[in-house]
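Presented below is the structure to which this report refers.
Chain letters run A, B, ... following the sequence lines, proteins first and then strands; every chain starts at 1. Basis for what follows: all heavy atoms, side chains included, without hydrogens, waters or symmetry-related copies. If you're wondering where the values come from, they're calculated on a predicted model, not measured in any experiment.
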There are 2 protein chains.
Amino acid sequence: MQPAPDKAPRTQEERTAATRSRLIEATLDLLLSKGYAGTSTVDIAARAGLTRGALAHHFAGKDELVVEAFDKHLTMVTSDIRTYAGLVQGGSLSLSDFIDRVWIIFSGRFFMLTLEEVTAARHNDYLRVRLEKRTRVFHEHLDAIWRHFFAGTGLGALEIEVMLNATLCLLRGMGVQTVLRDDPVYFRRLLRFWKAILKEQIEGATRAASAKTPDPEPHA
Amino acid sequence: MQPAPDKAPRTQEERTAATRSRLIEATLDLLLSKGYAGTSTVDIAARAGLTRGALAHHFAGKDELVVEAFDKHLTMVTSDIRTYAGLVQGGSLSLSDFIDRVWIIFSGRFFMLTLEEVTAARHNDYLRVRLEKRTRVFHEHLDAIWRHFFAGTGLGALEIEVMLNATLCLLRGMGVQTVLRDDPVYFRRLLRFWKAILKEQIEGATRAASAKTPDPEPHA
DNA sequence: CCAGAAACATGCAAGCATGTATGTATGTAT
DNA sequence: ATACATACATACATGCTTGCATGTTTCTGG
């Protein structure tokens, strides 16, 4: 195994950052394709073009790497969802399209990674403690996004949270099913159903809200 | 390790059935407490009060055992849900209580087992092929239960399936969250929200059906 | 330009899981 | 009661993973 010709990382700091990043990416790839238990530190190092020695130098072991990886991909997804929510608020993305995009997230790489990490965490105290903490932060971010997102629909902050969290739970549950059920029609139907529900809820709340205040909107 | 004093299984057939059953139970227990990867055939045999030799005699290996175990616990859950659905139809269980009971299933042993098996199946062709097949059967049974359950609510068969499958997906997604989020209040809220939605949907459909004709078959 | 530190590689020992071969006990048919 | 099949136990060899100890290369500060 040769030193892997880096582009040209001059400073040590850059080298470190680049190497750590490569190891984390390798971890995510392998977690996805071979699962937590199926991934060894040898695999990770090899995929990153390094050896186990290098890995040991940067991370205490597999679990520390997995935590870092979890963190990274939660950050990425938070950012994606925030972007989508912004587009919806700006009017350039429909609610339906928003759901579709989030569904893509929950039926793809991201969700399968969380599935691996969550099941691993069930039997690994080190992982569980750390992933719990990061999950909490993740959900706080999401709730903030929801509140911003649906501000002014006539729904209360708590209702918004519940509704959007229910949406995520639904998509999560569907995501789990995709592993053992390859049936796009089935999933399409569920999405259509849920979109209709959401529309009803939001419209209902909007009507109710505008009926109260002297806003422009005659009631039925 | 002594021969483990069996009660008094005379015939070979009885001995075999008892031993296989013990091994399957041990597998389920360990899958739950230590996960798929964390469970070895040594563990399973020991917990069943046997040795690896006995295990090898009855099952080709861990995976065959896991498939059998999957089958067994799907059967148990199908039976539970069927019972609950029957109680609802008979009027001795409210829709709300029905949801609560199914939620207990999806936040407990059953679902965690599924989670283990599903994630293991993602990287194990032997498992995936077999679990896919059994999952299909499981869902056919569920759909049959749903149709029977909600017969005469004014909803079409497809709508019933979609609605109940959405319910299961929601609970599944919530189940996944329970691993890293210990927050009963949060889950209660989601349940309450969903129960309200279901009630709305069913009442809406019932009204629409009885408003049209005594014949229940509304078209789009 | 030359220590010293950080980054990275290599090698070895120990633990554990599995496959398989072979030995022993328990039932069952004649 | 004897012979055979089935149920179960024991033992060994192999491969894989990890921790650790020890080299070698690459950067950085004086």
Side-chain angles (χ1 to χ4, degrees), chain A residues 1-27 30-31 34-66 68 120 123-124 126-127, chain B residues 1-27 30-31 33-68 116 120 123-127:
Chain A
M1 186 79 44
Q2 295 300 16
D6 285 19
K7 281 77 195 175
R10 275 179 300 270
T11 159
Q12 295 279 55
E13 203 176 346
E14 286 172 326
R15 268 179 87 189
T16 298
T19 301
R20 286 178 63 98
S21 184
R22 268 163 58 198
L23 285 167
I24 289 175
E25 277 305 322
T27 304
L30 289 168
L31 239 38
K34 304 178 68 177
Y36 175 81
T39 300
S40 72
T41 53
V42 180
D43 294 334
I44 296 174
R47 181 163 246 270
L50 299 165
T51 64
R52 257 165 40 76
L55 187 149
H57 181 74
H58 291 285
F59 299 94
K62 192 165 84 169
D63 287 347
E64 196 177 300
L65 248 166
V66 168
E68 296 291 319
H123 318 285
N124 184 318
Y126 178 94
L127 279 183
Chain B
M1 185 79 47
Q2 295 300 17
D6 286 18
K7 280 79 194 173
R10 274 180 300 273
T11 158
Q12 296 280 53
E13 203 176 347
E14 285 173 327
R15 271 178 84 188
T16 297
T19 301
R20 287 178 61 98
S21 184
R22 268 162 61 197
L23 285 167
I24 289 175
E25 277 306 321
T27 304
L30 288 168
L31 238 37
S33 59
K34 305 178 67 178
Y36 175 81
T39 300
S40 72
T41 53
V42 180
D43 294 334
I44 297 174
R47 180 162 248 270
L50 299 164
T51 63
R52 256 166 41 75
L55 188 149
H57 180 73
H58 290 286
F59 299 94
K62 192 165 83 168
D63 287 346
E64 195 178 300
L65 248 164
V66 168
V67 171
E68 296 290 320
E116 293 297 335
H123 318 285
N124 184 319
D125 288 346
Y126 179 94
L127 280 183

Counting side-chain heavy atoms from CB outward, which of [options] is closest to [X]?
X: B:Thr16; options: C:dA9, D:dT18, D:dA7; answer: D:dA7
X: A:Lys62; options: C:dT18, C:dC8, D:dT18; answer: D:dT18
X: A:Val42; options: D:dT18, C:dC8, C:dT18; answer: D:dT18

Between A:Gly53 and A:Gly38, which has a closest nucleotide on DNA chain D that is more 5'? A:Gly38

Check whether any side-chain nitrogen or oxygen of [X] sits under 4.0 Å from OP1 or OP2 of [N], and answer yes or no.
X: B:His58; N: D:dC8; answer: yes
X: A:Thr41; N: D:dT18; answer: yes
X: B:Thr19; N: D:dC8; answer: yes
X: A:His57; N: C:dC8; answer: no

Grab the [atom1]-[atom2] distance between [X] and [N] for me, whole Å please.
X: A:Leu30; N: D:dT17; atom1: CG; atom2: P; value: 12 Å
X: B:Asp43; N: C:dT18; atom1: CG; atom2: C1'; value: 13 Å
X: A:Leu50; N: D:dT26; atom1: CG; atom2: P; value: 14 Å
X: B:Ile44; N: C:dA17; atom1: CD1; atom2: C1'; value: 12 Å
X: B:Arg52; N: D:dA13; atom1: CZ; atom2: C1'; value: 12 Å
X: B:Leu23; N: D:dA9; atom1: CG; atom2: C1'; value: 14 Å
X: B:Leu55; N: C:dT20; atom1: CG; atom2: C1'; value: 14 Å
X: A:Arg22; N: C:dA7; atom1: CZ; atom2: C1'; value: 12 Å

Between atom [atom1] of [X] and atom [atom2] of [Y], what is the distance when rounded to the nearest 0.5 Å?
X: B:Thr41; Y: B:Leu23; atom1: OG1; atom2: CG; answer: 10.5 Å
X: A:Phe59; Y: A:Ile24; atom1: CZ; atom2: CD1; answer: 4.5 Å
X: A:His58; Y: A:Glu68; atom1: NE2; atom2: CD; answer: 12.5 Å

Across every strand shown, the nucleotide meeting Watson-Crick or G-U wobble geometry with D:dT2 (both distances under 3.5 Å) is C:dA29

Under a 3.5 Å cut-off for both distances, is D:dT26 Watson-Crick or wobble paired, and to whom?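 By the stated definition (distances under 3.5 Å), C:dA5 pairs with D:dT26.
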
Walk me through it: do A:Leu50 and A:Leu55 pass the test side chain to side chain contact (heavy atoms under 4.5 Å, CB included)? CA-CA 7 Å; A:Leu50 299 165; A:Leu55 187 149; over 6 Å; no

List the steps, then state whether side chain to side chain contact (heavy atoms under 4.5 Å, CB included) holds for B:Val66 with B:Thr39. CA-CA 11 Å; B:Val66 168; B:Thr39 300; over 6 Å; no

